[in-house]
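As structure tokens, the structure follows; a few thoughts come after it.
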Amino acid sequence: MKAAVMGYGTIGSGVVTVLETNRDVIASRVGEVIEVSKVLDLRDFPGDPIEKKLVRDYMDIVNDPEIRIVVETMGGVEPAYTFVKAMLKSGKHVTTSNKALVADKGAELIRIAREHNVNFMFEASVGGGIPIIRPILKCLTGDVIEGIYGIVNGTTNYMLTKMAAEGSDFDDVLKEAQDHGYAEKDPTADIEGHDAQRKIAILTSLVAGRQIDYQDIPTEGITKISATDMKYAEAMKRVIKLVAASRKIGDTFSARVAPLMLPEGHPLYHVDDVFNAIMLHGNMLGDGMFYGSGAGSLPTASAVVGDIVDMARHIDKNVFIGWDDNKLILADPAADTYRFFIRTADDRSAVEAAFGSVEYVDAGISGEVGFVTGEMKQGDLDDKVQSLSDVRSCIRLA
Ligand code: HSE
């Protein structure tokens with residue numbers, strides 16, 4: 001069976017490697033060898049075995065009737081969207097690792113695939129190599145998923161782990177994550193939380209069966225997390241993690257991406273380095289957690305190849321995915337309740353005037369106070385913080 005790869009970067013080249021390394025075992029599972037016959041990329045790859053398979057125009061793939069399966073690993077919404085739509089409309093199956101594309105156009109591409117009796121799959125778009133899309137769509141389809149709590153960005157998890165363990169500098173650890181091939185082309189998407197925002201939008205859409213617009217999800221990244229915050233977290237026996245969460249509230253969901261201070265014993269506490277984990281709460285399952293390699297070439301390619309095999313086995317059949325483009329309005333994020341850790345240069349009397357009785361945290365830092373509020377609504381916190389003059393950090397507790 002012939003396949004094509006669009007985008008020969010970190011993931012696309014990983015897909016070619018996985019298909020070659022595991023060629024025989026994959027053939028035994030599909031019933032025939034999967035052969036990559038065309039690779040779309042504008043760059044040259046002198047000396048690379050795929051050199052002779054390179055094409056510059058996506059229409060060369062559209063017009064090749066032998067190619068039944070297409071892998072999209074280009075990243076970004078355009079031109080990936082135009083190319084994927086053309087592939088589906090010409091009767092080719094498509095798998096993608098591109099969360100920007102899936103979060104933005106997933107419902108529409110699923111519908112187009114259904115109309116053309118092919119499949120649009122995207123296991124690699126969330127959690128890298130961790131199976132999470134298929135478990136939600138298949139294994140847990142008899143459950144009502146009431147909560148999703150995930151560490152879904154490998155780059156930031158790697159950075160926060162290093163910063164906590166080694167007191168490393170933000171820019172140095174970002175460079176290391178990029179060198180390992182974890183980061184997006186523009187790492188702003190990782191460190192500002194936009195990558196995690198798209199991933200929780202995808203998971204929430206699948207669980208809700210409706211479109212969640214990622215722009216509606218309040219999102220904070222890790223750029224404001226400092227070495228001093230890490231010292232306070234240590235004093236509190238907590239770790240700081242970037243958590244993408246979504247909770248069912250009545251007929252809708254409340255979703256947020258933000259750094260959280262997790263206590264020892266929390267299931268996500270020990271998820272370190274590039275590892276990701278997604279914890280689900282189902283009304284029948286109770287809690288379940290999916291853990292593994294969340295980014296990088298081969299783990300992510302492994303998930304893409306899983307889709308290729310699934311599509312090859314369903315070559316003449318569309319596998320139903322319930323995600324329609326009828327948008328779901330999320331719950332008001334101001335109504336979410338948390339306890340908050342705050343650092344301020346204001347004195348204790350100003351703190352107590354604003355927040356009443358609080359728990360102070362001593363991390364040996366002079367010239368400021370650190371404290372934890374009682375449980376309160378996000379909206380009330382936002383008002384009270386205004387009455388302090390010099391707030392240095394504000395981090396939610398789990
Ligand atoms: N940049 C992403 C991450 C890649 O660091 O998790 C995997 O989606």
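Start at 1 and go down the list; that is how both ligands and their atoms are numbered. Only heavy atoms go into these numbers, but all of them, side chains included; no hydrogens, no water, no symmetry mates.
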Backbone or side chain, does any N or O of Thr155 fall under 3.5 Å from an N or O of ligand 1? yes
Numbered atoms of ligand 1 (with element) below 4.0 Å of Tyr182, judged on heavy atoms: 1 (N), 2 (C), 3 (C), 4 (C), 5 (O)
If the contact criterion is a heavy-atom separation under 4.0 Å, does Gly294 count as touching ligand 1? yes
Test: Arg348 cationic atom under 6.0 Å from Tyr360 six-membered ring centre, within 45° of axis: yes
Using a strict 4.0 Å threshold on nitrogen-to-oxygen distance, state whether Asp229 and Lys224 make a salt bridge. no
Subset of ligand 1 atoms that lie under 4.0 Å from at least one heavy atom of Ala295: 3 (C), 4 (C), 6 (O), 7 (C)
For atom CG of Asp251, is the number of surrounding heavy atoms from other residues, nucleotides or ligands below 6.0 Å larger than 12? no
Please could you name the atoms of ligand 1 that Glu184 approaches to less than 4.0 Å, counting only its heavy atoms? 1 (N), 2 (C), 4 (C)
So do His281 and Lys248 actually touch side chain to side chain, heavy atoms under 4.5 Å? no
Under a 4.0 angstrom heavy-atom cut-off, which atoms of ligand 1 come close to Asp190? 1 (N), 2 (C), 3 (C), 5 (O)
Salt bridge or not between Asp307 and Arg134? Use side-chain N to carboxylate O under 4.0 Å. yes
So is there a nitrogen or oxygen of Gly154 less than 3.5 Å from a nitrogen or oxygen in ligand 1? yes
Salt bridge Lys38-Asp60, side-chain N to carboxylate O under 4.0 Å: no
